[in-house]
Structures are given as C-alpha cells and as structure tokens.
Amino acid sequence: MMALGVMLAFVVAVPAAQADAGRALATCIRPIRSGDSAAAIIARPAGFDCSGDQKHWGSGDFWVVSQPLPADAGGLVRSLSLYQQSATLHVRYADGTIRTRRFDHGDAWRHLKLGSVFQLAIPQHAARPVRLLWEIRGAANTRGILLSPHIATVEEAQTREVTLAALYAAFGGICLSLLVSNVALWRSLRHGFRLPYCAMVATLLLYGLSTSGVLGPMLRMDNNLRLKINMVLLALTLTFALGFARSFFGSPVLSRRMRQVANVVTGLLVAAACAFAVLMPWQAVLLDRLAVVTFGMALTLVVPVLWGAWRAGVPYVRGFALAWAIPVVVAGLRIVQALGLVGWNFWLDNSTLFAMVMEATTSSIVIAWRIRLVSEERDAAREKESQALRLADRDPLTGLLNRRALLREVLASGGVSPRVLVLVDIDHFRQVNDALGHDGGDEVLRVFAATLQNAAPADALVARLGGEEFAVISPSQTTVLPDRLLDAIRGARMPFDLRVTASLGSSIGYLETEGDWTRLYREADRALYVAKNAGRDRARWAQAA
C-alpha cells in the first residue's frame, strides 16, 4: 500500500510539464492533407484540435503546431521519443523566415538524449523564433503523436542530463552488483531460483540501457528498432520474474493449475512482444493493445501468487511478497496509463526501472536474510550432529569413552612408542547392586570412573568397556600406573561409605592396528584373571610385559 501511495503521488504531484527541462509547450494537432504547405500552416494555423487528446487520431501523418513562443525562449526543442517514420521541425521567425530541421527513424539516434528525449537545436537567425510546427510522418500513435514538447536553454538541458545520468548510473550499478552477487551465490549454493533471478536482472539492465536512450547513440541504432527491443526486453524481464516466482515459492504457494496458467500467460506475453517487434507498424494500435493486455494478464497472475506467499506465514517469504508488490503496483499504473485512463507522466513512464531496482534491492535483503537463517539452521544442525557424535562416543552413565571410541582414538594416535594397557574390573560388583540397588550401583560406577579419570595421567585414555570393566591406556613410561590406580581406588570414598575394591591386569606393547589391540587386550585380560585368582584387590602384569 505504501508503494501504491508513492506512485500515485508521483502521478498527481509531478505533471508532464515538470517532466523535462525548460518550459512546456501547448500544442494543437491536425492530420496532414494533400496540398498542405508548412509555410502557410505555420503562418496562419487553422483547423487544429487543441484539446490535448492525441490518441483518438490513430496512426498516420500529422501537423503539430505550438503556441506562440515567449520572447526569452531557449534555443533547444525537446520531446519524448515515439514510434514514427520521420519528424521535421519548422521554425518561424519574427521576420517571416522559416527554417527546418529533419530526421527519420534511421538517424534519430543523433538527436536522442538521456530519458529517450529527442533534442533539436533551433537554427540561429537574426530574428527571434515565434512559432514551431512539427511535421510527423508515420506516427504509430500508441502513446501519442508529439509527447511532452519543451523549449529549453542549453544550461537547463545539461542540468537535466546530469540528473538523469546519476539516476541511470545508480540503476545500472545496482543491477550489476545484484547480477554479480547472485551469480556468485548460485555458483556456491546452487539455488535453482537464482538462475531466473539473474536472467531477470540481466534483461532489466539491458532494458534500462535501451529505454534510457543510451543504447541508440551507442550502437547508432534505428530508433523504431530500439522501441521494439524495449518491448521484447520488458516481456522477457517479466517472463523471468514469473520463472523466479515459480522456482522460489514452489508448490506450497503455486498450485499445479496456477503453474499451468503461468505457462500459458508467459507464452502469450512473449508471443505478443514478438508480434509487436516483427509486425510494427502494421496495425500498430492493435499490436500495442495486445501487448498491454498480455502484460495485464501476467500482472493479474502475480497478485494471487503474492497473496499466497503472504498467507504462507513464513517471514522471509512475506518479505519477498512485499518486495514484489512494488513493481506490481507500478506495472498496474503503467497499464492504466497505456489505456489512457491516466495522463502521460515522465516519472511514471520510467517507473519500471526504479520499481524493479527497489524490488531487486529489497529481494536481495530478503535473500541475505534467508541465507542467514539457513546458515543458522546449518550451524545448529552441525552442533546437534557434533553433540550426537560426542554422545555416541561416550558412555552415558560415566561420561568416559566407550570401547569403539577408545579403539578409534588409540589407532588414530599412531604407534610411535609402546603403550600400557590397564584393565580394571570391580570386585564382586553384583554384591554392590544387591546391597544398594541399581541406582546405588550406578552411583558407585560414576564415582569409580571419576577416581580412575583423576588418577590417570593427563595424556591417558580412560574408557568404560562395559558393565564394571574399565580400561586405561597410557605411554609406557608410566609403568607405575597400575599401582597408582589401585591406591586411588582403595582411597576413594564410595557412596554410603561402601568399601569397593578392584582387580587390575596390565600389558605393554605397540598399538598400530586392531590386531595389536586384540593381542594387548588378551594379555591384559589374562593378567586380570591372575589377579582375581590371587585373591582380588591387586594388580598383575602380563608375562610378556
């Protein structure tokens, strides 16, 4: 709604008279008849329609006469570029002299300025100019016969050029930055919706170059061809915009029926633009109305898409809906203008560029927001995965490494030097469970595990292998490790002051492969068996050690 208010303010507050440099000229129109003489008509204009309604005349050849020029009028005549075969400017001076300037659609680029404005210098003469007469041949009259004629000084025209250059440069810079950033994001993230979005921005940039008037002088392009290209580029921009909407919003917003309708409307839109480009000026008004109708159909299709996106309730999707509401409102106003329901306005006529820039900028902010959300979701998923891996590697009761994690860590550290493996088994643990219950037994296991962790060297690995069996692996220099662990167990204060003892079996060897682990474990297990048979509460070394 805010976008609608802004654009309506443009239409109401910026009349056509303020759309170009200098002073606006009131004009009158009549068709060219056989035997007409420019000198006679400019001297005594008669039979002209001064109502200002140009479109009802249809296509053809026309005289357009100006009001008497003010004494301090500037030396430049400016008017909007329109589809026509040729234009001749007749200038009548106070002494009755008439001088002419002429161009046709093929060399019109010589007089084309920013904003798609034709600019002609009034020929120098001793007397001042008093009236202008345009001889327009082959006017398509889809927008008018002579639109927004102004007379300006060189300084006024230069000021206007600088202002428009800044606006169009900003537009081009934004489009280029959006194109580069989104291509880079597509290459890195492979989001499918970025390709139609990049295509939309690229065609919008080309449309801006063409409709601004830059492309004509740059390529010395036929002006009527440039206007046809404008239509095709605008249709392609809207086509890629619909493709982007389909790809981005997907099935939650676009039903299968809606996608089928979008395909049909897109086909009609491209066909109408191509027909305009190929067949003009044949049936110019009909071709123009056909293009306007298909643009309106595409616009009508976009409205339920945006409403569905808004109803989806997802914040970033709603952001896109708001972003796209801006060019939709502008496009609607331009269609109203094309149908003659709103008078011509320079800013509204160029509003597509600035509306799409606003949309593209807003969409980029929303895309960046979405990427941030995706990054946060990814980081949260990674954190959960990391926690899951940690939980998978840890014994849930004691927090020590489990058997699988112990073996992985041992093999990952390499076999540079021999290691001591100490197997620790709590003596008569079943009696502990009988006396304290399973909850009490679990508490004993937790205290026992903490005792081993505190007594082991800092570089040792401590693990619970299962039940009441534990393992400690440390560099072989710590050959006193079994006795240190045994002393710590004897001195530990267990729950309910229960006395708990343990038997320990130890072995030394290299741990490079799973086979080494199996061999070392068997030796330590045999030593543990010897310790138990010897009366428990003691430590024994394997014979190999």
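These numbers come from the heavy atoms of this one structure, side chains and all, not from hydrogens, waters or symmetry mates.
Both the sub-6.0 Å distance and the 45° axial angle are satisfied by Arg403 relative to the ring of Tyr521.
Between Thr398 and Asp395, the side chains place a donor N or O and an acceptor N or O closer than 3.5 Å (distance only, hydrogens not considered). Counting only N and O atoms by type, the side chains of Thr266 and Thr239 include no donor and acceptor under 3.5 Å apart. With no hydrogens or angles considered, a side-chain donor-acceptor pair links Ser81 and Arg226 at under 3.5 Å.
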Discussion item. Using the rule given for ring pair (Phe, Tyr, Trp, His ring centres under 6.0 Å), can you reason through Phe470 versus Phe448, listing the C-alpha separation, both sets of side-chain angles and the distance that settles it, and then say yes or no?
Written reply: CA-CA 10 Å; Phe470 298 82; Phe448 191 87; 5.2 Å; yes
Fill in: side chain to side chain contact (heavy atoms under 4.5 Å, CB included) evaluation trace for Tyr168 with Leu209
CA-CA 8 Å; Tyr168 285 121; Leu209 287 174; over 6 Å; no
Item to complete: For the pair Asp434 and Arg430, evaluate salt bridge (charged side-chain N to carboxylate O under 4.0 Å, His left out) and give the outcome as yes or no after the intermediate values.
Response: CA-CA 6 Å; Asp434 292 342; Arg430 181 175 296 178; 6.0 Å; no
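In this structure, the side chains of Ile489 and Val424 come closer than 4.5 Å at one or more pairs of heavy atoms. Taking 4.5 Å as the limit, every side-chain heavy atom of Leu236 sits out of range of all side-chain heavy atoms of Tyr207. Between Met221 and Leu215 there is a side-chain heavy-atom pair separated by less than 4.5 Å. No side-chain heavy atom of Leu504 sits less than 4.5 Å from a side-chain heavy atom of Arg540. Trp541 is listed as a side-chain neighbour of Ile508, based on a closest heavy-atom distance under 4.5 Å. Side-chain contact between Pro495 and Val447: present, with at least one pair of heavy atoms (C-beta onward) separated by less than 4.5 Å. The shortest distance between side-chain heavy atoms of Leu225 and Ile229 falls below 4.5 Å. Annotation: side chain of Leu421 is not in contact with side chain of Leu511 (no heavy-atom distance under 4.5 Å).
Counting heavy atoms of neighbouring residues, nucleotides and ligands inside a 6.0 Å radius, atom OH of Tyr529 does not exceed 12 of them. Within 6.0 Å of CZ on Arg522 lie no more than 12 heavy atoms contributed by other residues, nucleotides or ligands. Counting heavy-atom neighbours within 6.0 Å of Glu514 CD, excluding the residue itself, gives a total of 12 or less.
Although no hydrogens or angles enter the test, the distance criterion places no donor-acceptor pair under 3.5 Å between the side chain of Arg484 and the main chain of Asp487. Within the 3.5 Å criterion, the main-chain N or O of Met280 finds a donor-acceptor partner in the side chain of Lys228. For the pair Ser212 (side chain) and Leu114 (backbone), a donor-acceptor distance under 3.5 Å is absent. Put simply, the side chain of Ser181 gets close to the backbone of Leu178: a donor and an acceptor are under 3.5 Å apart. Remark: side-chain polar atoms of Thr203 are paired, donor with acceptor, to backbone N or O of Ala199 under 3.5 angstrom.
Remark: Asp425 does not engage Arg536 in a salt bridge, criterion side-chain N to carboxylate O under 4.0 Å. Electrostatic pairing of Arg499 and Asp537 counts as a salt bridge here, judged by a charged N lying under 4.0 Å from a carboxylate O. Between Arg446 and Asp442 there is no salt bridge, since no side-chain nitrogen of the basic residue lies less than 4.0 Å from a carboxylate oxygen of the acidic one.
Considering every non-hydrogen atom in both Thr237 and Leu204, the closest pair reads OG1-N, 3.5 Å.
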